[in-house]
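What follows is a short report on a single structure.
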Amino acid sequence: MHYKNNKKVVLLLAFLLLIVILAGCKNSQTKGAKSEQAFTGTQGLVVNFLPNNPPDKLIADSNQVEIPILIEVRNRGTYPAPDKSERWSENDVIFLSGFDPKLIPNWRVDNKDSGEENPKISLSLKSLEGKNILNPEGGYDSAEFVGSLDISNLKIDRYKPSFLVTACYNYVTRATPTVCIDPNPFSLTKEKKICDVKAVSLTNQGAPVAVTRIEEEILRNSFNFKIYFKNVGGGDVIAVDKLNRCAPAPSSEKLDRKDIDLVKIVDVKLSDESIKDSCKPVAEVDGSRDYARLFNNEGFIVCSAPKREEIKTAFTTPLSVELLYGYRNSISKTVEIINVPTG
Amino acid sequence: MQKKHLIAVLFVLLIMTSCKGGSGTQTPISELDIRKGFDGLSVELLKNAPPDKIFEDTPFPLIMRLQNKGARDVGNDNAFGGILSVGVERDYITMSEDSFRYLEDKVAMATDRQSVSFKIKGKSILSPRGEQELVEANLKTKRIGAQSESRKSNVLVTACYDYGTKLGTDICVDTDIYGLRPGQKACKAQDLNFANGQGAPVAITKIETRMLPDVDNNIVKPQFMIYIENKGNGEVIKPGSFPLVCSGQPLGFKEFNLLSVKGFLSEDELDCTPTRGTEVDEAADIAFNYIKLKDKKSVIRCTAKEGIDRNKDAYIAPLRVELDYGYTFTVSKEMTIEKALRY
């Protein structure tokens with residue numbers, strides 16, 4: 001009888017141990033998936049209004065009415081990478097527009113007087129690092145705009161401004177797919193090769209502009225790579241050198257149609273050798289011929305690497321593509337301000 | 001016994017449920033839109049006052065129910081703003097010196113044998129139906145002559161009062177006139193239709209928005225085409241002329257269909273043209289621009305005096321249009337005066 005009870009206890013303990021082991025296995029798998037997720041995604045900065053900030057309706061029942069606009073900002077992409085010492089610049093801002101500055105002239109931004117017609121916040125003051133292995137969710141911060149409406153200036157019953165919050169920022173896309181370098185792809189001998197030359201499709205890279213596909217072509221004297229990229233973030237791609245025009249500033253020029261849909265080719269490397277100078281077609285912005293243009297949110301460049309005599313057999317190697325661009329995305333909310341007579 | 005209890009409980013539950021349903025949905029006070037409809041002052045002759053048939057040489061009451069169904073007060077604390085004038089065929093009906101009766105002296109005051117001045121408040125958030133007043137006049141039929149058995153006679157009541165229309169709406173000031181600027185805007189300039197009126201007999205039915213470019217100064221000037229229509233059953237008269245119109249004195253056509261208009265964008269006064277002359281109230285230092293209605297309609301063009309920087313992002317600004325005018329209409333009742341046959 002005593003022996004039977006012992007057996008039951010042992011079985012129970014073994015079962016519990018199995019559960020613990022299984023649970024542990026599952027956990028380690030999730031961790032692996034999360035570290036992979038850190039380098040994927042189609043978004044850069046994501047801004048959202050916090051619930052009821054601003055509210056749908058504001059009853060103006062006193063002389064001064066405060067309009068609170070509280071937004072959360074998440075960095076869903078991989079830039080800036082802490083290990084590369086990248087930082088947000090002064091041109092990376094979130095600003096507010098859409099209201100009548102004569103009615104709401106005074107704004108406090110993160111509890112400091114703004115003094116600007118269109119209040120803005122510099123991202124350099126925010127904790128918004130890109131996703132990485134140590135922080136797979138990316139940076140998160142909030143920003144607060146509080147406007148002050150003097151009711152004596154509002155002489156209509158209802159005023160419905162639409163508050164437009166716009167984020168303008170630099171962003172970087174990095175893709176490093178493996179390509180096959182085969183000097184004789186159509187050789188007649190039936191030798192076994194380490195790889196075949198074929199098009200490579202890519203998933204997104206944790207940035208609003210993604211490198212989507214690389215096609216390879218072997219010519220007599222060179223390897224050609226056609227690199228496709230696409231705006232997948234739902235916002236506007238802006239030439240990085242024109243990003244300072246994105247946020248309104250006194251006497252500054254506004255963004256023009258020709259400043260849009262341009263990405264800067266920072267580098268294209270085959271192994272460790274840069275082939276950027278061979279990339280075409282390029283667009284010129286302020287004398288710099290490093291830009292590629294997007295049409296209907298898609299674009300491509302063709303870069304070529306010279307065929308070297310010493311390469312005799314096929315091998316695989318990384319093709320690194322780095323794109324730099326300005327990006328803009330906006331959210332808006334309409335608030336109904338109801339002017340209730342007092343006294 | 002238990003069955004009886006169960007039925008009683010069910011009955012109570014049924015009553016409670018129906019009570020809950022009966023409460024319905026209530027519109028919050030602040031959400032009431034009082035500037036709706038085409039009504040201003042209404043004058044209704046109560047049933048049998050005057051009666052349809054009446055004997056000769058008999059006193060009878062004329063009871064007028066005044067209701068201000070519009071959103072503007074007639075008169076104010078210091079002054080009466082309207083006149084009711086009773087018109088009778090003097091051969092058949094007489095009015096004595098003290099024929100008028102009213103509930104409060106503050107509300108109305110007889111100005112002569114046939115007229116009474118009044119003031120009455122319009123709709124407001126706290127009084128969404130507008131004020132009502134009863135004014136009674138004691139009249140008396142005369143003898144209709146030996147040869148007649150009966151006579152038909154009309155009693156006319158003419159109301160003349162100063163009134164106004166106020167429209168407050170949101171307008172999109174879009175400095176990107178041709179829509180060339182890329183990116184999301186807070187709003188887009190568009191025409192506005194106002195099918196429901198503004199709680200006054202003269203309504204603003206449509207506003208067309210235009211942004212006039214001034215390339216040399218890098219500004220735009222918002223311009224609004226404002227469509228005005230007399231939607232009530234009466235006639236528009238020049239503001240301030242109501243005592244004259246209800247006095248029975250001869251009138252010129254210049255007193256009719258004339259109203260003053262003012263427009264404000266972000267509380268800056270607009271230039272409104274074409275006008276039929278300007279009058280200056282020196283005491284108040286205000287200039288009134290008059291426009292003329294033709295076939296009950298008119299269009300006026302109001303333009304911002306100062307331009308708006310073309311580099312500004314689109315924003316929503318309050319537009320206020322105020323019309324001031326007098327208004328007059330007549331209600332009547334036909335009654336039969338019968339001879340009292342005495343045998």
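Between B:Pro318 and A:Asp100 the shortest side-chain heavy-atom distance falls below 4.5 Å. Using a 4.5 Å cut-off on side-chain heavy atoms (C-beta onward), A:Pro101 and B:Lys312 make contact. The side-chain heavy atoms of A:Leu103 and B:Ser266, taken from C-beta on, include no pair separated by under 4.5 Å.
No more than 12 heavy atoms of other residues, nucleotides or ligands shown are found within 6.0 angstrom of NZ on A:Lys230. Within a 6.0 Å radius of CD in B:Glu306, other residues, nucleotides and ligands contribute 12 heavy atoms or fewer. Shown here is A:Lys57, whose NZ atom has no more than 12 heavy atoms of other residues, nucleotides or ligands within 6.0 Å. The local environment of NZ in A:Lys112 is sparse, with at most 12 non-hydrogen atoms from other residues, nucleotides or ligands closer than 6.0 Å. At most 12 non-hydrogen atoms from other residues, nucleotides or ligands lie less than 6.0 angstrom from CZ of A:Phe300. For B:Asn193, the CG atom is densely surrounded, since the number of other residues' heavy atoms within 6.0 Å is greater than 12. No more than 12 heavy atoms of other residues, nucleotides or ligands shown are found within 6.0 angstrom of NZ on B:Lys36.
In this structure, B:Asp313 pairs ionically with A:Lys254, as a charged nitrogen and a carboxylate oxygen lie closer than 4.0 Å.
Heavy-atom distances place the side chain of B:Asp268, and not its backbone, under 4.5 Å from chain A. Contact annotation for B:Gln184: both backbone and side-chain heavy atoms come within less than 4.5 Å of a heavy atom of chain A. Heavy-atom distances place both the backbone and the side chain of B:Ala317 under 4.5 Å from chain A. Contacts between A:Asp256 and chain B at a heavy-atom distance below 4.5 Å involve the backbone alone (N, CA, C, O). Contact annotation for A:Lys102: only side-chain heavy atoms (C-beta onward) come within less than 4.5 Å of a heavy atom of chain B. Contacts of A:Glu117 with chain B are made by side-chain atoms alone, with heavy-atom separations under 4.5 Å and no backbone atom involved. Only the backbone of A:Phe99 comes within less than 4.5 Å of a heavy atom in chain B; its side chain stays farther off. Using a 4.5 Å cut-off between heavy atoms, A:Asp157 contacts chain B through its side chain alone, with no backbone atom that close. When heavy atoms are compared at a cutoff of 4.5 Å, B:Lys185 approaches chain A solely by way of its backbone atoms N, CA, C and O. Heavy atoms closer than 4.5 Å to chain B are found in both the backbone and the side chain of A:Arg257.
Heavy atoms only, all atoms of each residue included: B:Ile316 and A:Tyr159 are closest at O-OH, 2.5 Å. For the pair B:Thr169 and A:Ile156, the tightest heavy-atom approach, listed with the atom from each and the gap, is O-CD1, 3.9 Å.
Ranked by heavy-atom pairs under 4.5 Å with chain B, the list A:Asp261, A:Leu164, A:Asp259 is led by A:Leu164.
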